Amino acid sequence: MNKEIDNIYHLDGKIPVGKAIPFGLQHILAMFVANIAPIMIVTGACGLDFKQNAQLIQSAMIIAGIGTLIQLFPLWKIGSGLPIVMGISFTFVSVFCYIGPTYGYNAIVGAVLVGGIVEGILGLFAKYWLKLITPIVSASVVTAIGFSLLSVGASSFGGGSGSENFGAAPNWILGTLTLLACLLFNILAKSFWKQLSVLFGLIVGYFAAVCMGMVDFSGLSGTAVVALPSLLSFKPEFNINAILAVVLIFLVSATETIGDTSALATSGLGREASEKEISGSLTCDGFISSLSSLFGCLPITSFSQNVGLVAMTRVVNRFAIATGAIIMILAGIFPIFGALLATLPDAVLGGCTIMMFGTIVVSGLQMISKCGYTQRNVTIAALSLSTGIGFTQVPEIFHVFPQIVQTVFAENCVAVVFLVAVILNLVLPKNMEAAPRS
């Protein structure tokens with residue numbers, strides 16, 4: 001029994017299905033709402049109807065499950081072999097909300113198809129350019145990812161950005177109750193049960209939300225029990241302006257994937273991510289995104305929420321995470337199941353994720369510490385983080401730049417941190433330490 005428990009902390013440890021499912025379900029619940037939210041935002045901006053929206057959500061769940069399985073168990077050079085959970089990327093939302101109304105949703109599909117292939121090829125040849133991504137650059141990016149997610153967690157805690165009752169007392173009560181449930185379970189539970197604190201918090205929060213009348217079951221009516229996704233339901237259109245904009249965002253997404261992969265290896269496995277793992281992670285991001293486009297869906301990427309969960313629980317068992325991926329695929333094949341999971345209130349999710357996202361920040365700071373506090377490293381980390389986080393909090397500062405620059409950088413602190421860190425890493429002298437006094 002003790003060996004089975006210990007195996008959840010090992011990549012390839014053997015554990016029973018009954019013990020694997022709760023950990024897999026915990027990962028899926030942590031990212032489920034965030035996986036479908038980008039689709040709901042983009043389809044709303046593009047004027048798609050309810051049926052099309054539901055169809056894309058169904059495809060998103062299946063693609064996320066397939067992408068996760070390939071990350072866990074690589075095919076050829078596609079996949080990292082690490083416990084990375086994949087989902088629909090938030091990074092592209094702003095550019096899609098511009099491209100969709102301007103050129104049509106089909107132009108988005110065509111741009112994703114091309115952009116995914118570009119990132120996939122870059123991943124295959126990563127060994128030729130990954131030397132630009134030194135440990136201090138990765139550490140700075142991971143820290144930025146954590147900081148960028150704090151507002152996401154806070155928005156969920158308040159009831160979801162844009163909701164009519166954002167910040168209302170019921171959301172505060174629900175979010176706080178969920179957070180306390182997570183903390184108390186983590187303190188009082190014994191052995192490996194501690195690692196299920198997020199799942200426990202989600203369950204407690206959900207039942208509390210039901211009792212408070214904060215769960216909307218109306219979306220379940222008329223939902224099909226079984227349905228298969230449609231291939232090429234949206235025919236790709238290749239608009240050069242859309243393609244250029246989306247390819248640039250794919251490069252930004254690639255930096256986040258590098259950071260996520262590095263953070264997961266550091267926090268979950270206690271080592272640096274290998275070149276092969278980062279290459280496989282990027283290749284999976286790209287080529288599975290192209291596959292996603294064939295189902296009319298948006299790009300897929302590694303989910304920082306789940307990196308935070310691994311950092312918090314140290315559960316890295318690939319079989320356990322794979323059960324979550326299978327649950328996600330089933331949620332797509334059985335839409336009624338996915339629709340039920342989608343009723344999870346934002347405040348419950350926020351109560352669980354606010355600490356998870358903070359864990360990513362701490363992981364990034366630990367990575368910076370491991371790099372050493374040399375004058376050079378401190379300069380790279382300090383300047384990249386201050387400009388990336390600072391400038392994107394006042395996006396109006398970018399108004400002098402072309403629209404494409406604003407779209408990529410104005411509200412994406414990870415992209416700014418990555419760009420500044422790489423430039424500083426290239427131009428700063430290798431030795432910046434002050435010479436000792438004679």
Side-chain angles (χ1 to χ4, degrees), residues 23 26-27 29-34 37 83-85 87 90-91 138-161 167 171-172 174-187 189 194-202 204-205 256 259-270 302-316 344-371 381-382 384-386 388-390 392-393 411-414 417:
F23 292 102
Q26 180 172 245
H27 271 276
L29 290 174
M31 57 79 73
F32 188 83
V33 174
I84 293 174
V85 176
F90 256 108
T91 307
S138 294
S140 300
V141 170
V142 170
T143 307
I145 289 172
F147 277 118
S148 70
L149 286 171
L150 293 181
S151 61
V152 176
S155 294
S156 295
F157 196 100
S161 181
N171 290 324
W172 272 96
L174 198 54
T176 303
L177 178 64
T178 304
L179 177 58
L180 287 175
C182 290
L183 289 174
L184 289 174
F185 189 87
N186 189 265
I187 293 169
K194 283 182 176 289
Q195 317 312 339
L196 290 173
S197 60
V198 172
L199 178 60
F200 179 77
L202 287 168
V204 170
E256 295 178 349
D260 283 343
T261 307
S262 300
L264 192 144
T266 301
S267 60
L269 302 174
S302 57
F303 254 45
S304 300
Q305 288 94 323
N306 300 87
V307 175
L309 189 55
V310 169
M312 186 173 161
T313 65
R314 298 295 192 273
V315 174
V316 296
L344 185 72
D346 278 304
V348 174
L349 190 65
C352 290
T353 57
I354 194 72
M355 188 167 68
M356 284 166 42
F357 296 161
T359 306
I360 298 178
V361 175
V362 174
S363 295
L365 295 175
Q366 289 174 333
M367 291 172 67
I368 292 175
S369 178
K370 287 182 180 179
C371 293
S384 63
L385 288 170
S386 61
I389 297 173
T392 53
Q393 288 183 350
E411 296 184 24
N412 193 330
C413 77
V414 177
V417 168

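Not measured: the values here are computed from a predicted model.
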TODO: For the pair Trp172 and Phe157, name the ring-plane relationship: parallel under 30°, tilted 30 to 60°, perpendicular over 60°.
DONE: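 Rings of Trp172 and Phe157: perpendicular, as their planes differ by over 60°.
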
Open item on the list: Any heavy-atom pair between the side chains of Val310 and His27 that's under 4.5 Å?
Closed with: yes

Open item on the list: Less than 4.5 Å apart, side chain to side chain, heavy atoms only: is that true for Thr261 and Ile84?
Closed with: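 Of all side-chain heavy-atom pairs linking Ile84 with Thr261, at least one is under 4.5 Å.
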
Just how far is it from atom [atom1] of [X] to atom [atom2] of [Y], taken to the nearest 0.5 Å?
| X | Y | atom1 | atom2 | result |
| --- | --- | --- | --- | --- |
| Phe185 | Leu180 | CZ | CG | 15.0 Å |
| Thr143 | Leu385 | OG1 | CG | 5.5 Å |
| Asp260 | Phe303 | CG | CZ | 10.0 Å |

Nearest atoms (heavy-atom pairs only) where [X] meets [Y]:
| X | Y | result |
| --- | --- | --- |
| Ala263 | Met367 | CA-SD, 4.2 Å |
| Leu174 | Pro345 | CD2-CB, 4.2 Å |
| Phe147 | Ile389 | CD1-CD1, 3.5 Å |
| Ala144 | Val417 | CB-CG2, 3.7 Å |
| Asn171 | Gly158 | ND2-O, 3.0 Å |
| Thr392 | Cys413 | OG1-CB, 3.3 Å |

Task: Worked verdict on Lys370 versus Thr266 for side-chain contact (heavy atoms from CB on, under 4.5 Å) - done: CA-CA 10 Å; Lys370 287 182 180 179; Thr266 301; 3.9 Å; yes

- [ ] Look at the side chain of Ser369 and the backbone N and O of Leu365, then say whether any donor-acceptor pair between them is shorter than 3.5 Å.
- [x] no

